[in-house]
Amino acid sequence: MRAGPSSALGAAEGSCAGGWGARPAELQGFSQRGALSDGLEPGDNAGGAPGGMPQTLSSASMFTPCGFSPHLHSAKEDDQGGLIFQDGNLASASLDALIQHLIPTTDYYPEKAYIFTFLLSSRLFIEPHELLSRVCHKCVEQQRLDDPVLDKARIRKFGPKLLQLLTEWTETFPYDFQEERMIGHLKDMIDRIAPCDEAYWKRMNQLLQALNQKLATLSHGQEGIVKINAAVSDKLVAFKSKPPSIQREILTVCSDPYTLAQQLTHVELSCFNEQKKTSNLEAYVKWFNRLCYLVATEICMPAKKKQRAQVIEFFIDVARECFNIGNFNSLMAIISGMNMSPVSRLKKTWSKVKTAKFFILEHQMDPTGNFYNYRTALRGAAHRSLTAHSNREKIVIPFFSLLIKDIYFLNEGCANRLPNGHVNFEKFLELAKQVGEFITWKQVECPFEQDHNIIHYLHTAPIFTEDGLYLASYESESPENQIEKERWKSLRSTILGKT
């Protein structure tokens, strides 16, 4: 695997089941000898939670590898025959039937998995404000909320279920409610049912307060991502030499691999804490590329090969700790940085490195078989997260570019509608499973103490451009062939102004 950083690597066609047993403190990764321990075992996804109404489940717990959680699956069939089930799972339906399936009644509440899947996918067919408008209209019609005298007994059975649905919607997709008309629909429904129970007003006020707080938090998170983006893009410059200002190396800031892996995890979790807008996704890809170039810069910068070898071994240990933490994105960035051509050509330097651990890490992130080894490790981390008793064990940071590519190929490779006009719900169930897992992973609070000095260095340390890396590489170990000699001469002329 000799490739530089990129926004996405390899093909993405499905995923592999399985995982491994995990000891409480870390994934079963490296033994004391520096090799991956044996004992890969199939991992199971824990399913669901007790059925019944009304508690909000985490997104990941809604799904099993086969589809809907068996704990939540309802035997209810649509009266109009608009829902098509296969092997007990909803496979397709008309949009109208799916909307009706979302609406609670006095004796029915939709599955948690269904709510998440439909709300996620429905925006491909209908705007959120129009969907909520149709839901409210159907509720008014079916529960006869326009009647001069309401049936209080019936409304008291229906009201809590409606409030629960609205709560789940606002908690999972808060951005939908930035529009005033969405809030207007909420208040209108409460106006209609509140005469039957004044407690509904209190519930609605709590819902709106939680929603406002969530939107404020997300807005603050976006500002942070923009600041990180600016710090990244401004540092991709070519330095004309190795002046004292760039000689502040990573080992002078942090010499402990585990500590640096912890701080990288801080950065990763803050980056994907809210990935809604395209600009935020781009910022995260830029962070990945910055880390690749930072690793390569740190390796190419020292004048002596012994120092360069020391830096390589340090980053190998950092990558190993990232693997054990479950931080696969930083792991891939570090490996990609060490595989960049300006680094990989330093043969004299690599001859001084104990490479066994590096080759093991490369094997784990090998793109062969659609990243089979990585996907197996990811399943192991996901299984550990489901059974975790602490935030330390819950950390799962996927290789982000591959995750995005998986979702892209799933979305592009399957039709949204079937030939009969039905919504292809089977596709959206799988899409929701992947997105739901990610939502659960990004909600984990980083359990490690933050070191602002290290994080500042990660964001602001000067890094070489690709040309700068090649020049530093040639200055460290002379060119080996005529092509390299000509490039070295050209780079010395353009960057250093020398001939």
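Quick caveat: nothing in here was measured; it's all calculated off a predicted structure.
- A side-chain donor-acceptor contact under 3.5 Å links S270 to the backbone of V267.
- The aromatic rings of Y114 and F118 sit parallel, their planes meeting at an angle under 30°, below the 60° perpendicular limit.
- For S473 (side chain) and L469 (main-chain N/O), no donor-acceptor pair under 3.5 Å exists by modelled atom type.
- Looking at D87, its side chain never comes within 3.5 Å of a backbone N or O of N89 through a donor-acceptor pair.
- Open room surrounds CD on E180; 12 or fewer heavy atoms of other groups in view lie less than 6.0 Å from it.
- Counted by atom type alone, T368 and D366 present one or more donor-acceptor pairs between their side chains at under 3.5 Å.
- Note: W169 and F177 have perpendicular aromatic rings, judged against thresholds of 30 and 60 degrees for the angle between ring planes.
- Checking side-chain atoms of Q100 against main-chain N and O of D96 turns up no donor-acceptor pair under 3.5 Å.
- In this structure, the ring of F125 has its center less than 6.0 angstrom from the ring center of F428.
- No donor-acceptor pair under 3.5 Å is formed between the side chain of Y109 and the backbone N or O of I103.
- A donor and an acceptor atom, one from each side chain of N339 and E362, are located under 3.5 Å apart.
- By the 4.0 Å N-to-carboxylate-O rule, K112 lies close enough to E168 to be salt-bridged with it.
- Judged by the 6.0 Å distance and 45° axis criteria, R123 is positioned over the aromatic ring of F173.
- With respect to R379 and E437, a salt bridge is recorded, a charged nitrogen being found less than 4.0 Å from a carboxylate O.
- Atom CD of Q142 has more than 12 heavy atoms from other residues, nucleotides or ligands within 6.0 Å.
- Shown are F288, Y374, F399, F371; of these, the ring pair (Phe, Tyr, Trp, His ring centres under 6.0 Å) with F328 is made only by Y374.
- At distances below 3.5 Å, not a single donor-acceptor pair connects side-chain atoms of W287 with backbone N or O atoms of H459.
- Electrostatic pairing of R375 and D406 counts as a salt bridge here, judged by a charged N lying under 4.0 Å from a carboxylate O.
- With hydrogens and angles disregarded, a donor-acceptor distance shorter than 3.5 Å links the side chain of R384 to the backbone of I395.
- Note: H101 and Y108 meet the aromatic proximity criterion, with ring centroids under 6.0 Å apart.
- Heavy-atom neighbours of E426 CD from other residues, nucleotides or ligands within 6.0 Å: at or below the threshold of 12.
- A donor-acceptor pair under 3.5 Å is formed between the side chain of N373 and the backbone N or O of H363.
- A salt bridge links R487 with D467: the distance from a Lys NZ or Arg NE/NH1/NH2 to an Asp or Glu carboxylate oxygen falls below 4.0 Å.
- Residues C300 and P342 come closest through the heavy atom pair SG-O, 4.0 Å.
- Listed for the K427 side chain is a donor-acceptor partner under 3.5 Å among the backbone atoms of N411.
- No side-chain donor-acceptor contact under 3.5 Å links T297 to the backbone of I463.
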